[in-house]
K.L.:
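Starting off with a structure, shown below.
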Amino acid sequence: MVRSFTHDDAGTPAAVWAHAVRERDLGGLEPSAHERLVVVAAHPDDETLGSGGLMATAAALGVATHVLVATAGEASHPDSPTHSRADLAALRRHEMLRAAKALGLDEADVSMLDIPDGGLADHLDDVTAQIVSLIGDGRRTLVVAPYRSDGHPDHEAMGRAAAAAAHRTGATLAEYPVWTWHAGKPDDLPWDRFVRVPLTASARAVKREAIACHASQVEPLSDRPGDEVLLAANVLEHFLGEQELFALTPAEEIEDDRLDRLHVERPDPWGVESRWYERRKRALLLAALPRERFGRGLEVGCSTGVLAQDLVSRVDRLVAVDGSAAAAERSEQRLGETAEVHRMIVPQQWPEGSFDLVVVSEIGYFLSPVALEGLVARVASCLTADGVVVLCHWRHPVHGWPLDAAAVHRGFAQGGLPPVAASYRDRDVEIVVHADPSQWPDPQR
């Protein structure tokens with residue numbers, strides 16, 4: 001945990017950190033192992049300080065790089081007698097573009113969201129969605145973001161947004177500390193997660209040039225009180241060494257609580273009991289089941305248990321799972337002893353046994369592309385010989401996640417399941433039934 005600090009504190013000397021790093025055998029981070037590099041920052045200069053050397057190295061290797069900055073940093077000098085917040089915003093945007101050019105990027109490689117400086121936590125879901133949109137399918141992407149325990153509220157909020165985006169897209173997350181080096185202590189860090197990126201002399205020179213572009217931060221705005229330098233020599237010393245350090249976190253180890261928060265905030269987050277779309281969709285799904293009854297059924301993503309309540313009349317035993325603790329609790333209250341309800345993060349967690357019916361409704365596009373592959377494999381492995389899989393998803397864009405209904409259903413079609421035996425599609429919903437045609441019931445019986 002980073003202690004309370006101000007920029008003009010003496011801070012922890014860079015030599016202390018250098019000694020701590022020498023004592024540890026840290027692994028490496030290889031930029032060329034990724035096709036894309038997406039660097040996100042709370043304020044202009046964060047990205048240069050924390051990962052400028054990595055960005056310069058990636059540019060030299062030809063790795064496609066994009067930078068997204070949430071705020072213009074207009075609150076850096078709140079008591080400035082010479083610069084208004086608007087002045088500082090314009091100045092720091094210009095400095096950001098100059099620094100990006102020094103690091104080998106074009107202006108088109110930089111996005112700025114203009115979130116209010118100091119208020120990033122109030123826009124977390126929107127920022128996460130913007131990062132997801134930028135990443136897309138992240139399986140070959142390295143996302144570089146502020147350290148989630150950096151001690152600055154905007155840095156930590158941006159780190160959380162990037163972590164959620166990495167989870168949703170399947171990207172690898174590398175977090176760069178900034179104020180940790182100034183205000184933290186070596187014992188504060190989970191060193192088992194940290195890796196290093198060695199910097200060539202050329203990369204270090206490029207990084208120095210890019211840091212100098214942020215003149216409003218590394219030099220005084222004027223000689224008047226309120227215009228003091230923010231990044232003094234003792235702070236900058238942490239960023240001018242022969243390596244950069246990052247906390248590395250695989251996407252599957254990140255927990256995204258967005259859907260759980262939805263279920264906590266609203267008793268019926270999707271309007272499943274009140275919206276005609278939801279009632280009609282359930283009727284269509286139940287009508288699409290090829291048999292009147294099944295032995296053991298599984299619903300993946302049961303939410304509040306409304307569909308599960310209908311499914312229990314069609315199966316001998318139903319297992320319903322959801323990744324949200326609040327949703328699973330609500331389903332358990334609704335279903336009582338009529339079904340077995342579990343809180344499970346799929347596909348990492350999975351119920352035991354085989355199933356004659358698996359229903360995946362309105363959940364596939366809330367997975368990352370790699371997690372979707374895992375879900376398809378799980379379903380294929382647990383299906384009985386005459387088992388049926390029913391997919392049902394909203395066909396419109398899903399804000400904040402990279403997949404849609406078409407991508408989900410395409411993934412199942414390529415996953416070694418029984419062939420598509422039936423489908424229904426209209427403007428809003430698509431239902432797909434995977435079943436072995438030889439197991440289809442005789443309509444004359």
K.L.:
With a 4.5 Å cut-off on side-chain heavy atoms, are S361 and K281 touching?
P.N.:
yes

K.L.:
How close do P347 and L375 get, heavy atom to heavy atom, and via which atoms?
P.N.:
CB-N, 3.6 Å

K.L.:
After noting the C-alpha distance and the side-chain angles of L307 and C302, does the key distance pass the side chain to side chain contact (heavy atoms under 4.5 Å, CB included) rule?
P.N.:
CA-CA 7 Å; L307 175 59; C302 62; over 6 Å; no

K.L.:
For a quick test of reading the model, state the closest non-hydrogen atom pair linking V388 to A435 and the distance between them.
P.N.:
CG2-CB, 3.9 Å

K.L.:
Return the orientation label for the W191 and W17 ring planes: parallel under 30°, perpendicular over 60°, tilted otherwise.
P.N.:
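Tilted, since the angle between the ring planes falls between 30° and 60°.
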
K.L.:
Do the side chains of L236 and I211 get nearer than 4.5 Å, heavy atoms only?
P.N.:
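SC-SC contact between I211 and L236 confirmed.
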
K.L.:
Treating K207 as the side-chain partner and L49 as the backbone partner, does any N or O pair qualify as donor plus acceptor under 3.5 Å?
P.N.:
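Yes: the side chain of K207 pairs with the backbone of L49.
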
K.L.:
Is there a donor-acceptor pair closer than 3.5 Å between any side-chain N or O of D322 and the backbone N or O of A327?
P.N.:
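No, because the side chain of D322 does not come within donor-acceptor range (under 3.5 Å) of the backbone of A327.
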
K.L.:
Quick check: are there more than 12 heavy atoms from other residues, nucleotides or ligands sitting under 6.0 Å from NE2 of H396?
P.N.:
yes

K.L.:
Do C392 and V360 pass the side chain to side chain contact (heavy atoms under 4.5 Å, CB included) test, and can you show the C-alpha distance, the side-chain angles, and the key distance before you say yes or no?
P.N.:
CA-CA 6 Å; C392 177; V360 180; over 6 Å; no

K.L.:
Is the backbone of H77 close enough, under 3.5 Å, to the side chain of S80 for a donor and an acceptor to pair up by distance?
P.N.:
no

K.L.:
Could you tell me how the ring of H155 sits relative to the ring of H43: parallel (under 30°), tilted (30 to 60°) or perpendicular (over 60°)?
P.N.:
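Rings of H155 and H43: tilted, as their planes differ by 30° to 60°.
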
K.L.:
Nearest 0.5 Å, please: how far is CZ in R293 from CZ in R314?
P.N.:
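Answer rounded to 0.5 Å: 8.5 Å.
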
K.L.:
Should D428 and R280 be marked as a salt bridge (charged side-chain N to carboxylate O under 4.0 Å, His left out) after you check the CA-CA gap, both sets of side-chain angles, and the distance that decides it?
P.N.:
CA-CA 11 Å; D428 297 323; R280 175 175 175 268; 5.5 Å; no

K.L.:
Is the ring centre of F366 less than 6.0 Å from the ring centre of W401?
P.N.:
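Ring-ring flag for F366/W401: true, centres closer than 6.0 Å.
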
K.L.:
Rounded to the nearest 0.5 Å, what's the gap from CG on L245 to CZ on R193? Could you check?
P.N.:
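Reported to 0.5 Å precision, the distance equals 15.5 Å.
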
K.L.:
Side chain to side chain contact (heavy atoms under 4.5 Å, CB included) for R36 and L142? Distances and angles first, verdict last.
P.N.:
CA-CA 6 Å; R36 296 180 64 219; L142 178 65; over 6 Å; no

K.L.:
How far does CH2 of W350 sit from NE2 of H342, to the nearest 0.5 angstrom?
P.N.:
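Going from CH2 on W350 over to NE2 on H342, the span is 12.0 Å.
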
K.L.:
A quick test of your reading: do over 12 heavy atoms of other residues, nucleotides or ligands sit less than 6.0 Å from CD of E107?
P.N.:
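Not buried by this count: 12 neighbours or fewer within 6.0 Å.
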
K.L.:
Atom CD in E362, atom OG in S303: separation rounded to 0.5 Å?
P.N.:
10.0 Å

K.L.:
Are side-chain heavy atoms of L262 and W270 found at a separation under 4.5 Å?
P.N.:
yes

K.L.:
Would you confirm whether R92, through its side chain, and G73, through its main-chain N or O, come within 3.5 Å as a donor-acceptor pair?
P.N.:
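Flag set: sc R92 to bb G73 pair under 3.5 Å.
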
K.L.:
Between R334 and E273, is a salt bridge (charged side-chain N to carboxylate O under 4.0 Å, His left out) present by the stated rule, with each step listed?
P.N.:
CA-CA 13 Å; R334 181 188 300 276; E273 296 182 85; 3.3 Å; yes

K.L.:
List the steps and the verdict of side chain to side chain contact (heavy atoms under 4.5 Å, CB included) for T141 and L37.
P.N.:
CA-CA 6 Å; T141 299; L37 179 65; over 6 Å; no

K.L.:
Under 3.5 Å, is there a donor-acceptor pair between the side chain of H263 and the main chain of A326?
P.N.:
no

K.L.:
Can you tell me which residue among T128, D257, L124 is in a side chain to side chain contact (heavy atoms under 4.5 Å, CB included) with R160?
P.N.:
L124

K.L.:
Are the side chain of D150 and the backbone of W179 linked by a donor-acceptor contact shorter than 3.5 Å?
P.N.:
yes

K.L.:
Considering all heavy atoms of both residues, which atom of L173 and which atom of R148 are nearest to each other, and what is their separation?
P.N.:
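Residues L173 and R148, closest heavy atoms: CD2-NH2, 3.9 Å.
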
K.L.:
Taking side chain as C-beta onward, heavy atoms only, is F246 less than 4.5 Å from S51?
P.N.:
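Contact flag for F246/S51 side chains = yes.
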
K.L.:
Are a donor atom and an acceptor atom from the side chains of S368 and H167 found within less than 3.5 Å of each other?
P.N.:
no

K.L.:
Does any part of the side chain of M344, heavy atoms only, come nearer than 4.5 Å to the side chain of P351, both counted from C-beta?
P.N.:
yes

K.L.:
Taking S381 for the side chain and R378 for the main chain, is one N or O donor matched with an acceptor at less than 3.5 Å?
P.N.:
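Side chain of S381 to backbone of R378, a donor-acceptor pair under 3.5 Å: yes, one is there.
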
K.L.:
Which is it for D256 and R258 under the salt bridge (charged side-chain N to carboxylate O under 4.0 Å, His left out) test, yes or no, and what are the steps along the way?
P.N.:
CA-CA 6 Å; D256 178 13; R258 182 66 185 110; over 6 Å; no

K.L.:
Keeping the roles fixed (side chain from D356, backbone from F294), state whether a donor-acceptor pair exists under 3.5 Å.
P.N.:
no

K.L.:
Of all the heavy-atom pairs spanning G170 and V370, show the shortest one and how long it is.
P.N.:
CA-CG1, 4.2 Å

K.L.:
Could you tell me whether the side chain of R282 reaches within less than 4.5 Å of the side chain of L285, counting heavy atoms only?
P.N.:
no

K.L.:
Donor-acceptor pair, distance only, cut-off 3.5 Å: does the side chain of E47 make one with the backbone of D45?
P.N.:
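Looks like yes, one N/O pair under 3.5 Å.
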
K.L.:
Which pair of non-hydrogen atoms, one from T48 and one from H214, has the smallest distance, and what is that distance?
P.N.:
OG1-NE2, 3.2 Å

K.L.:
Just so I know, are the side chains of D436 and D386 near enough to count as touching, which here means a heavy-atom distance under 4.5 Å?
P.N.:
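D436 does not reach D386 side chain to side chain.
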
K.L.:
I want to know whether Y277 and W394 have ring centres closer than 6.0 Å.
P.N.:
yes

K.L.:
Rounded to the nearest 0.5 Å, how far does CG of L91 lie from CG of L221?
P.N.:
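With rounding to 0.5 Å, CG (L221) is 7.0 Å from CG (L91).
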
K.L.:
Tell me if a side-chain donor or acceptor on E95 pairs with a main-chain N or O of S216 at a distance below 3.5 Å.
P.N.:
yes

K.L.:
What's the spacing between L367 CG and T169 OG1 if we round to 0.5 Å?
P.N.:
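Between L367 CG and T169 OG1, I get 12.5 Å after rounding to 0.5 Å.
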
K.L.:
Using ring centroids (six-membered ring only for Trp), state whether H393 and H409 fall under 6.0 Å.
P.N.:
yes

K.L.:
Hey, are the side chains of T304 and V272 touching, using non-hydrogen atoms and a 4.5 Å cut-off?
P.N.:
yes

K.L.:
After noting the C-alpha distance and the side-chain angles of R93 and D114, does the key distance pass the salt bridge (charged side-chain N to carboxylate O under 4.0 Å, His left out) rule?
P.N.:
CA-CA 10 Å; R93 288 191 195 98; D114 289 330; 3.0 Å; yes

K.L.:
I'd like to know if D125 and R261 make a salt bridge, using a cut-off of under 4.0 Å between side-chain N and carboxylate O.
P.N.:
yes

K.L.:
Looking at every non-hydrogen atom in both residues, tell me the closest pair between G50 and E244 and how far apart they are.
P.N.:
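Taking every non-hydrogen atom into account, O-CD, 3.8 Å.
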
